[in-house]
Amino acid sequence: MLQISNTVFIDDREIEISAIRSQGAGGQNVNKVASAIHLRFDIPASSLPDRYKQRLLQINDQRITSEGVIVIKAQEHRSQEQNREEALRRLQELIKSAIVIPKRRKPSKATRSSQRKRLDSKTKRGQIKALRGKVTD
């Protein structure tokens, strides 16, 4: 069971984990041992609450396919068990971050003094540049 919050849990049967060979250089061990983990989690078919599902499907994340399947590949560690824990931790973080609704940004307006300062500096800069021109008698 993967715990998301105090009341939300994901059953291990809903998470599909398969071991694959890691990419890249790794010496003698890399071609023999399947230490990388490929995790798949189907959002629509899961037992998550509907609000979790909706928020996850709205997120623009490259790990979520168009069919609503989360795909995570973990291969940082040399042991399969550590990579499995890493993949599960990443899934847990993704689901937790989806439910947090970011604060709405209140558009601010520049103060009069800041606007005046900006325009004054632009005028001053323009005068400096105008003085660089050719001198005529």
Walk me through whether Arg55 and Ile101 qualify under side-chain contact (heavy atoms from CB on, under 4.5 Å). CA-CA 9 Å; Arg55 292 282 297 150; Ile101 299 170; 4.1 Å; yes
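- Partner of Lys73 under the side chain to side chain contact (heavy atoms under 4.5 Å, CB included) criterion, out of Ile20, Asn83, Ile37: Ile20 alone.
- Taking every heavy atom of both residues into account, Gln115 and Ala110 meet most closely at NE2-O, 3.8 Å.
- Under the 4.5 Å side-chain heavy-atom criterion for grouping Ile, Leu, Val, Met, Phe, Trp and Tyr, Ile70 is connected to Ile15 within one hydrophobic cluster.
- Between the NZ atom in Lys109 and the OG atom in Ser114 there is a gap of 10.5 Å [rounded to 0.5 Å].
- In this structure, Lys96 does not pair ionically with Glu93, as no charged nitrogen and carboxylate oxygen lie closer than 4.0 Å.
- Residues Glu86 and Gln82 have side chains not in contact (no heavy-atom distance under 4.5 Å, counting atoms from C-beta outward).
- Atom NZ of Lys117 is separated from atom CG of Leu119 by 13.0 Å, given to the nearest 0.5 angstrom.
- Hydrophobic clustering of Ile, Leu, Val, Met, Phe, Trp and Tyr side chains at less than 4.5 Å, counting indirect connections, keeps Leu57 apart from Val69.
- Using a 4.5 Å cut-off between side-chain heavy atoms of Ile, Leu, Val, Met, Phe, Trp and Tyr, with links allowed through other members, Ile64 and Ile99 fall into the same hydrophobic cluster.
- The line from CD1 of Ile72 to NE2 of His38 is 10.0 Å long, rounded to the nearest 0.5 Å.
- Heavy atoms only, all atoms of each residue included: Ile59 and Ala98 are closest at CD1-CB, 3.2 Å.
- Taking both residues in full, the closest heavy atoms of Gly68 and Asp42 are given as O-OD1, 3.7 Å, listed atom of the first, atom of the second, then distance.
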Give the intermediate values and the outcome of side-chain contact (heavy atoms from CB on, under 4.5 Å) for residues Leu88 and Arg84. CA-CA 6 Å; Leu88 290 171; Arg84 184 180 179 282; 3.6 Å; yes
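- Residue Ala19 comes nearest to Gln80 through the heavy atom pair CB-NE2, 3.1 Å, listed as atom of the first residue, atom of the second, then distance.
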The test is salt bridge (Lys or Arg N to Asp or Glu O under 4.0 Å); show your working for Glu76 and Arg89 and say whether it passes. CA-CA 13 Å; Glu76 288 88 35; Arg89 185 190 61 76; over 6 Å; no
Is there a side-chain contact (heavy atoms from CB on, under 4.5 Å) between Val71 and Arg63? Walk through the geometry before answering. CA-CA 5 Å; Val71 179; Arg63 295 173 289 186; 5.8 Å; no
Step by step, work out the side-chain contact (heavy atoms from CB on, under 4.5 Å) result for Phe41 and Leu94. CA-CA 12 Å; Phe41 178 71; Leu94 178 64; over 6 Å; no
